[in-house]
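Just so it is clear, the structure is predicted and the values come from calculations on it, not from any experiment.
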Amino acid sequence: MRTWQQAWADALYGEGGFYRRPEGPAGHFATSAHGSAGDLLAQALLHLAEREGSRQVIDIGCGRGELLTALARHAPTDLALLGVDVVDRPAGLAPRIDWLPSPGGPHLPDLGRPTDALVIAHEWLDVVPCGIARADDEGVLRTICVDDAGEEVLGDPLPSPDAVWVDRWWPGPHEPGADVEVGRARDEAFAGLVGLIGSGLVLAIDYGHTADRRPEGGTLVGYREGSACPPRPDGSTDLTAHVAMDSLAADMLTTQRDALRGLGVDGTRPPLDLASTDPAGYLAALSRASHAGALTGPGPGDFLWAIRRVA
């Protein structure tokens, strides 16, 4: 038996781990960074990069470079693009995209302290393994230990640093059987990423929660071949849990819906009379509105953007 945090890290990033598999994450699930919606997200992020005067965009935990590929289609030639993930550079990636292999999880390579950078961590923190605790019959939070089949037992009470985090960000009382995902490791990962940047904007985009909406039970879940499944730390599934986004010490926290609307993506359908005066333009605008709706509607629109400025 290992703690969930240890087992989770091995299952995703260890030798033969889920994120090292040849098909990559996109072989099992789609995110907002994939497909036509991802193309629209890329355009919005380029608008943000232009507004910020960014000279480089860095994508942390970038899978096989799907969002970077969309960025490369639209970005000006003088905007540098860099992907960071646990695998070597994928074959067929656009030559203009640079690549750095990463150890995985919270561990990142030296980025060279880039300046005027827009750093995007899109659904990265939710796969940074964190401590998982459960309240025992007396309401005491204990670390959960797990085997490869997903069978769990309660271990020791939370170590002091995790208990301090819970007292600050997820205070009790905790009903017997209630789970808490201890976000301290995510806070440290985000702070570590910020510390690698010379200047610019660091943006973490993830599904998560804030103090007023902590989940009553655990959110740890597995994904495999397009469907949610029980979490098993044997390397056969993705493992993900929602992020306590308000504990990240960000300068600004907003929903994806509001952030994208501020970047010109709002999902408004084109006027119907455009169909008769400019049919092709109407269809293009309708398609854009559909993809915008996929990014700003229920679910993805509720994602949270944590923004930290580095001067």
>> Quick check against the 3.5 Å criterion: does Glu181 have a side-chain atom that pairs as donor or acceptor with the backbone of Leu220?
In response: yes
> Going hydrophobic residue to hydrophobic residue with side-chain gaps under 4.5 angstrom, can you get from Met252 over to Val265?
Replying inline: yes
> So which heavy atom on Ala185 is nearest to which on Pro129, and how close?
Replying inline: CB-O, 3.5 Å
> Are the side chains of Trp124 and Leu108 in touch, meaning some heavy atoms are under 4.5 Å apart?
Replying inline: yes
>> Any side-chain to backbone donor/acceptor pair from Asp126 onto Thr240? Under 3.5 Å, distance only.
In response: no
> Does His122 use its side chain to pair, donor to acceptor, with the backbone of Ile120 at less than 3.5 Å?
Replying inline: no
> How far apart are the closest heavy atoms of Val87 and Trp99, and which atoms are they?
Replying inline: O-NE1, 2.9 Å
>> Applying salt bridge (charged side-chain N to carboxylate O under 4.0 Å, His left out) to Arg257 and Asp302, what does each step give before you reach the verdict?
In response: CA-CA 7 Å; Arg257 182 178 299 107; Asp302 300 317; 3.1 Å; yes
>> If the test is side chain to side chain contact (heavy atoms under 4.5 Å, CB included), which one of Leu45, Leu81, Leu68 qualifies with Asp59?
In response: Leu68
>> By the ring pair (Phe, Tyr, Trp, His ring centres under 6.0 Å) test, which pairs, at least two apart or in different chains, include something from residues 188-209?
In response: Trp170-His209, Tyr207-His242, Tyr207-Phe303
> Name the one of Ile60, Val243, Asp187 that satisfies side chain to side chain contact (heavy atoms under 4.5 Å, CB included) with Leu125?
Replying inline: Val243
> Above 12 or not: heavy atoms from other molecules or residues under 6.0 Å from CD of Glu50?
Replying inline: no
> So if you build clusters from Ile, Leu, Val, Met, Phe, Trp, Tyr with side-chain heavy-atom gaps below 4.5 Å, do Leu82 and Leu48 land together?
Replying inline: no
> Does the Gln256 side chain pair with the main chain of Ile205, one donor and one acceptor, at a distance under 3.5 Å?
Replying inline: no
> Just by modelled atom types, is the Arg64 backbone N or O under 3.5 Å from a matching donor or acceptor in the Glu66 side chain?
Replying inline: yes
> Transitively linked via ILVMFWY side-chain contacts under 4.5 Å: Val57 with Leu100?
Replying inline: no
>> Donor-acceptor pair, distance only, cut-off 3.5 Å: does the side chain of Arg89 make one with the backbone of Ile97?
In response: yes
> Any chain of hydrophobic side-chain contacts (each under 4.5 Å) joining Met245 to Val119?
Replying inline: yes
> Given the rule in the side-chain hydrogen bond (donor to acceptor under 3.5 Å, both in side chains) test, do Asp10 and Gln6 qualify, once you have shown the distances and angles that lead to the verdict?
Replying inline: CA-CA 6 Å; Asp10 291 343; Gln6 294 165 338; over 6 Å; no
>> Measuring from atom CD1 of Ile144 to atom CG of Leu154, what distance do you get when rounded to the nearest 0.5 angstrom?
In response: 6.5 Å
> Do Ser54 and Leu201 have side-chain heavy atoms sitting under 4.5 Å apart?
Replying inline: no
> Less than 4.5 Å apart, any side-chain heavy atom of Val84 and any of Cys62?
Replying inline: no
> From Glu138 CD over to His174 NE2, what is the distance, rounded to the nearest 0.5 angstrom?
Replying inline: 14.5 Å
> What are the two closest heavy atoms between Val221 and Cys229, and how far apart are they?
Replying inline: CG2-O, 3.6 Å
> Side-chain contact, heavy-atom cut-off 4.5 Å: Arg51 with Leu263?
Replying inline: yes
> Do you know the tightest heavy-atom contact between Thr255 and Gly301?
Replying inline: CB-O, 3.6 Å
>> Check for me, please, whether Val128 and Ile132 land in the same ILVMFWY cluster - side-chain distances under 4.5 Å, paths through other members count.
In response: no
> Does Trp305 use its side chain to pair, donor to acceptor, with the backbone of Ala259 at less than 3.5 Å?
Replying inline: no
>> Just verifying a value: how many Å separate Leu239 CG and Arg224 CZ, rounded to the nearest 0.5 Å?
In response: 10.0 Å
> If every non-hydrogen atom of Asp234 is compared with every non-hydrogen atom of Ser236, which pair is closest and at what distance?
Replying inline: OD1-OG, 2.6 Å
>> Looking at Glu15, is its backbone amide N or carbonyl O close enough to the side chain of Arg20 to form a donor-acceptor pair, meaning the two atoms are under 3.5 Å apart?
In response: no
> Going from CD on Glu152 to CE on Met1, what distance comes out if it is rounded to the nearest 0.5 angstrom?
Replying inline: 8.5 Å
> Rounded to the nearest 0.5 Å, how far apart are CZ of Arg2 and SG of Cys145?
Replying inline: 10.5 Å
>> In the structure I gave you, are the side-chain heavy atoms of Glu216 and Glu175 within less than 4.5 Å of one another anywhere?
In response: no
>> Within the structure provided, determine whether Leu118 and Ile58 are in side-chain contact (heavy-atom separation under 4.5 Å).
In response: no
>> Quick one, Pro233 and Trp4 - any side-chain contact, counting heavy atoms below 4.5 Å?
In response: yes
>> Walk me through whether Asp206 and Leu304 qualify under side-chain contact (heavy atoms from CB on, under 4.5 Å).
In response: CA-CA 6 Å; Asp206 237 308; Leu304 293 171; over 6 Å; no
>> Nearest 0.5 Å, please: how far is OG1 in Thr254 from CD1 in Ile307?
In response: 7.0 Å
>> I'd like to know if the side chain of Arg96 and the backbone of Leu79 have a donor-acceptor N/O pair within less than 3.5 Å.
In response: yes
>> I want to check something: taking the side chain as every heavy atom from C-beta on, are Leu141 and Asp162 in contact at a cut-off of under 4.5 Å?
In response: no
> Where the side chain of Arg214 meets the backbone of Trp169, is there a donor-acceptor pair that is under 3.5 Å apart?
Replying inline: yes
> If you look at every heavy atom in Asp110 and Gly112, which pair is closest and at what distance?
Replying inline: OD1-N, 2.8 Å
> Given Leu41 and Leu260, is the side-chain contact (heavy atoms from CB on, under 4.5 Å) satisfied, shown in steps?
Replying inline: CA-CA 8 Å; Leu41 176 63; Leu260 288 180; 4.1 Å; yes
> With sequence neighbours excluded, what pairs up with Asp136 under the salt bridge (charged side-chain N to carboxylate O under 4.0 Å, His left out) test?
Replying inline: Arg142
